[in-house]
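Written out below as structure tokens is the structure these notes cover.
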2 protein chains.
Amino acid sequence: MTNNDLVAAIEGQGYRLTAPRLRVLESIAGRDTNFTAEEVCADVPGVGRATVFRTLKLLVERGLLCKMILHDGSPRYSFPLTGHHHHLVCVSCGAITEFQESEIEQLLSQLGVSKAGTIVGHRIEVYVVCPTCQVRYGGHAKPELPISAGVSS
Amino acid sequence: MTNNDLVAAIEGQGYRLTAPRLRVLESIAGRDTNFTAEEVCADVPGVGRATVFRTLKLLVERGLLCKMILHDGSPRYSFPLTGHHHHLVCVSCGAITEFQESEIEQLLSQLGVSKAGTIVGHRIEVYVVCPTCQVRYGGHAKPELPISAGVSS
DNA sequence: TTTTAAGTGATACTAACTATCAGTAATACG
DNA sequence: CGTATTACTGATAGTTAGTATCACTTAAAA
């Protein structure tokens, strides 16, 4: 995600492209996956914490940034590479990759129709030990992290 | 979930069934879905906050309680009615129902094998407007809550 | 140019924990 | 049974990730 993309998304949508917002956009543009709001705050001295959070929230609402939840419950921001997608998060190194699985969406929509009402959103995160970290662990995941332990819902 | 079930799960697992723990178990036993840690704290005066959180965490780790995340990111505890399952959470009234979808698990495991390493856990929450609340909204979901807005991952 | 609305930073506050630590209680050992 | 070991406890303070408030500033509209 380039700075220009972000600026374009703010401008002409009824939002004002102010100096503090621009500082935040410049700070996050070009970042890779997996950054925290605090990191952004630290990178824009002089811009208030509230403004940083407000700007991140704005971007998330506009779909320009996604906010996900790690294995331990802590939030991270990342830029979406594709449209609708889900995350694979390595619980060891934090690397995030995306996946799209239209079949999952289809299954969920069937579910909504069948019994639960109208689906208004969903949250799917898959926690993995990535290939690189698997090598470090000797070819298998940490034994103390059984499938779905503590996080499945 | 009855108190006896909880007590049985703590006893004989190397954990001690102490008076404060018992108070917490009694407080949550018989609760329905969707309670917060604060509600439990308020219900067991004299028991320290830390002990309440520690006990809830213990139960979650043991699989006797599940912790999920609402649409707005706030955590809630509920008792699992079935084994492995996921939640349908009404964003209007907070009602929680469970669903099981083995096809989703299958899709995810295929995903892990194909490219992402070893899956160690996942988090799936589906946010809905339940049938009861749909009636209240005139037969359709709140327009300001588009599918996946701000929460899909 | 005035008015209105949006945005800002400082500050304080909240929720949901976690860390530390001295003290207590439960269980194990001899 | 007494002692040692270990688990557990509450109080307190600190952390993370924000949100609420509010006087002030800035940008855009009329």
Side-chain angles (χ1 to χ4, degrees), chain A residues 6-7 9-28 34-62 65-78 94 123 125 150-151, chain B residues 6-7 9-28 34-62 65-78 94 123 150-151 153:
Chain A
L6 295 171
V7 167
I10 295 288
E11 280 185 321
Q13 307 279 315
Y15 299 104
R16 293 177 188 171
L17 186 62
T18 61
R21 264 181 194 166
L22 196 53
R23 301 259 324 270
V24 173
L25 298 185
E26 283 166 358
S27 169
I28 66 177
N34 204 341
F35 60 90
T36 66
E38 291 305 326
E39 285 164 8
V40 179
C41 285
D43 195 42
V44 289
V47 177
R49 269 175 66 76
T51 297
V52 171
F53 280 99
R54 283 188 283 236
T55 306
L56 293 178
K57 191 175 190 176
L58 179 63
L59 293 172
V60 170
E61 284 164 2
R62 303 255 88 203
L65 188 60
C66 37
K67 184 179 178 179
M68 67 212 140
I69 299 179
L70 297 191
H71 194 251
D72 67 352
S74 67
R76 289 292 183 283
Y77 295 90
S78 73
R123 189 193 297 276
E125 327 270 10
V151 299
Chain B
L6 295 172
V7 167
I10 294 287
E11 278 184 323
Q13 307 277 316
Y15 299 104
R16 292 176 188 171
L17 187 62
T18 60
R21 265 181 193 165
L22 196 52
R23 301 256 327 267
V24 173
L25 298 185
E26 282 166 359
S27 170
I28 66 176
N34 204 341
F35 60 90
T36 66
E38 291 304 327
E39 285 163 10
V40 179
C41 286
D43 196 41
V44 289
V47 177
R49 273 174 67 75
T51 297
V52 171
F53 280 100
R54 283 188 283 237
T55 306
L56 293 177
K57 190 175 191 177
L58 179 63
L59 293 172
V60 170
E61 283 164 3
R62 304 254 87 204
L65 187 61
C66 39
K67 185 179 179 180
M68 68 213 137
I69 299 179
L70 297 190
H71 194 251
D72 68 352
S74 66
R76 288 293 183 283
Y77 296 89
S78 74
R123 189 193 295 277
V151 300
S153 54

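We name chains A, B, ... by the order of the sequence lines, and we start the count at 1 in each one.
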key: Comparing Tyr77(A) and Val47(B) on DNA chain D - which has the more 5′ nearest nucleotide   = Val47(B)
inquiry  = If the cut-off is 4.0 Å, is Lys57(A) near the phosphate of dG7(C), judged by side-chain N/O to OP1 or OP2?
reply    = no
task = Determine the sole option in Leu59(A), Leu65(A), Ile28(A), Thr36(A) for which the side-chain contact (heavy atoms from CB on, under 4.5 Å) test with Tyr77(A) is passed.
result = Leu65(A)
key: Candidate pair Arg123(B) and Met68(B), rule side chain to side chain contact (heavy atoms under 4.5 Å, CB included), full reasoning   = CA-CA 9 Å; Arg123(B) 189 193 295 277; Met68(B) 68 213 137; over 6 Å; no
message = Could you report the tightest heavy-atom contact between Val52(B) and Val24(B), atom names first, then the distance?
response = CG2-CG2, 4.1 Å
remark   = Here the distance between atom P of dA15(C) and atom CD of Glu39(B), to the nearest Å, is 12 Å
request  = Check Leu17(B) against Leu22(B) and note the closest heavy-atom contact, atom names and distance.
outcome  = CD1-CD1, 4.2 Å
request  = Spell out yes or no: do the side chain of Arg49(A) and the base of dG18(D) have one donor N/O and one acceptor N/O closer than 3.5 Å?
outcome  = yes
key: d(CZ, Phe35(B); P, dA16(C)) in whole Å   = 13 Å
ask   = Hey, is the main chain of Arg23(A) close enough, under 3.5 Å, to the side chain of Ser27(A) for a donor-acceptor pair?
value = no
note = In whole angstroms, the gap separating C1' of dA16(C) from CZ of Arg76(B) amounts to 11 Å
message = So if I define the base as every atom that isn't primed, P, OP1 or OP2, how would nucleotides 21-28 of chain D read as a B/S/- string at a heavy-atom cutoff under 4.0 Å?
response = -----BBS
query = Taking the side chain of Phe53(B) as heavy atoms from C-beta outward, which of dG10(D), dA17(D), dT18(C) is closest to it?
reply = dT18(C)
ask   = What's the CG-P distance between Leu22(A) and dA6(C), to the nearest Å?
value = 21 Å
remark   = Ile69(A) CD1 to dA17(D) C1', in whole Å, measures 11 Å
query = When you measure from the side chain of Arg21(A), which nucleotide among dA16(C), dT8(C), dC17(C) comes out closest?
reply = dT8(C)
message = If you only use heavy atoms from C-beta on, which nucleotide in dT8(C), dG10(D), dA17(D) is closest to the side chain of Pro20(A)?
response = dT8(C)
ask   = Base, sugar-phosphate alone, or nothing: which one does Ser74(A) contact when heavy atoms must sit under 4.0 Å apart?
value = sugar-phosphate
inquiry  = Counting the atoms with a prime plus P, OP1 and OP2 as sugar-phosphate, which does Gly46(B) contact under 4.0 Å by heavy atoms, base, sugar-phosphate, or nothing?
reply    = sugar-phosphate
note = Leu70(B) CG to dG18(D) P, in whole Å, measures 16 Å
key: Partners meeting salt bridge (charged side-chain N to carboxylate O under 4.0 Å, His left out) with Arg16(B) (sequence neighbours left out)   = none
query = Just how far, in rounded Å, is P of dG18(D) from CG of Leu59(A)?
reply = 13 Å
key: Closest-nucleotide 5' rank along DNA chain C - winner of Ala37(B) and Thr51(A)   = Thr51(A)
query = Does any N or O in the side chain of Arg54(B) come within less than 3.5 Å of the main-chain N or O of Arg21(B), such that one atom is a donor and the other an acceptor?
reply = no
request  = Write down the distance between CG (Leu58(A)) and C1' (dA6(C)), rounded to a whole number of angstrom.
outcome  = 12 Å
